[in-house]
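What you see below is based on every heavy atom in this structure, not just the backbone, and it leaves out hydrogens, waters and symmetry mates. First listed ligand is number 1; within each ligand, the first listed atom is number 1.
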Amino acid sequence: MMTTLYEGAFAKLNLTLDVLGKRPDGYHDLKSVMQTVSIRDDVEIDIGTGKPWTLECSMEGIPTDERNLAWKAAEVYCEQIGKNPDGISIRITKRIPSGAGMGGGSADAAAVLRALNRHYGEPLSILALAELGARIGSDVPFCTLGGTAMVEGRGERLRRLPDMPDCVFVVCKPEFSVSTAELYQKIDQVAIPKRPDHQAMETALLSGDLSRVAENIWNVFDPVVTAEHLELNYIKSIFNTYGSLNQQMTGSGSACFAILDSFEYAAVVCNMLKENYSQIFIAKPV
Ligand code: ATP
């Protein structure tokens, strides 16, 4: 019998991001405080279709075969628990912008892992599910867990942190995208002048003080990308002028976010940006 599963896939923002060095396997060790936000894709899964696997995505340019991270997640999950789902069809309604540093593909993969695990009666704990996610992509473990967390290694080491204090995010995705691989190459060649203070960020989260959390956001990729795309300075200056407590790029870009304590100011910021940008979002931490 065919069953349909529904799951929300939430975008992430990097409140902090530090690159600690290159590992012998060529990947980089990271340290990042990540936060899921209320910008979401909707994932629907028909399971037991009795037909070959299919995937549909509402956004053009996203692969609709086994290269899609949601498809990969379904394969990895079924293999791990030794089940044959007898045909899977996945439909993704996409709202998370692509190439934004918001973990859109990883969020979809994590949603598939959670939905299938629920369908099969939760044979894997959330931490086991996150560990499985590391086989799909480095942001998948965090997206599986969600909330506020310290993420280390290649993304596989997770530690829950106190929830982000209540606030409003405005996220703006400019037209350009950044090649993540090239960005890592670049960061290997430059001295990193400033790194996030993770101790201070943890203390700020523990105290629930939004201004101190905002003061301590820092992404080592931000100055590297901003140097080549001065447009990011324009977006950040609009954020700053209209009440943002602080602002920066997320992940490897190109989306930038502002942290505000008022929805009214967030609405004004959106208004100021909408003439030049089509991808602007207001979000809350989730
Ligand atoms: P990250 O913060 O993880 O670097 P990103 O915003 O840079 O995320 P994604 O939106 O996850 O990037 O997409 C990156 C690439 O992954 C896309 O070019 C796309 O081809 C591929 N991809 C595979 N599966 C998906 C999916 N379900 N949704 C979006 N992109 C996907």
Can you tell me if [X] and [Y] form a side-chain donor-acceptor pair at under 3.5 Å?
X    : Y    : answer
D42  : Y6   : no
T16  : H198 : yes
K236 : T226 : yes

Does only the side chain of [X] get under 4.0 Å from ligand 1, or the backbone, or both, or neither? Count heavy atoms.
X   : answer
N68 : both
P63 : side chain
R67 : backbone

Hey, does G101 come in under 3.5 Å of ligand 1, counting only N/O atoms on both sides? yes

Is any side-chain N of the basic residue among R91 and D46 closer than 4.0 Å to the acidic one's carboxylate O? yes

Any salt bridge between K31 and D18, counting N to O under 4.0 Å? no

Does the protein put any heavy atom within less than 4.0 Å of atom 5 (P) of ligand 1? yes

Please tell me if atom 29 (C) of ligand 1 is touched by the protein, where touching means a protein heavy-atom distance below 4.0 Å. yes

Between F221 and Y184, how do the two ring planes meet: parallel, tilted or perpendicular, split at 30° and 60°? perpendicular

Classify the ring geometry between W71 and W53 as parallel (under 30°), tilted (30 to 60°) or perpendicular (over 60°). tilted

Provide, to 0.1 Å, the distance between [atom] and the closest protein heavy atom, together with that atom's residue and name.
atom                    : value
atom 12 (O) of ligand 1 : G99 N, 3.6 Å
atom 13 (O) of ligand 1 : S98 OG, 3.7 Å
atom 23 (C) of ligand 1 : L69 N, 3.6 Å

Could you tell me the separation between the CZ atom of R114 and the CG atom of L124, rounded to the nearest 0.5 Å? 14.0 Å

Taken to the nearest 0.5 Å, the spacing of R135 CZ from L113 CG works out to 10.5 Å

Can you sort out which atoms of ligand 1 are near [X], meaning under 4.0 Å from one of its heavy atoms?
X    : answer
A100 : 5 (P), 6 (O), 7 (O)
D139 : 1 (P), 2 (O), 3 (O)
I62  : 25 (C), 26 (C), 28 (N), 29 (C), 30 (N), 31 (C)
M102 : 2 (O), 6 (O)
D108 : 26 (C), 27 (N), 28 (N)
G105 : 9 (P), 10 (O), 11 (O), 25 (C), 26 (C), 27 (N), 28 (N), 29 (C)
K12  : 2 (O)

Counting only N and O atoms by type, is there a donor-acceptor contact under 3.5 Å from the side chain of T148 to the main-chain atoms of M164? yes

Heavy-atom distance to atom 2 (O) of ligand 1: which of C143, G251, G103, S138 wins? G103

Shortest non-hydrogen contact from P196 to V220? CD-CG1, 4.0 Å

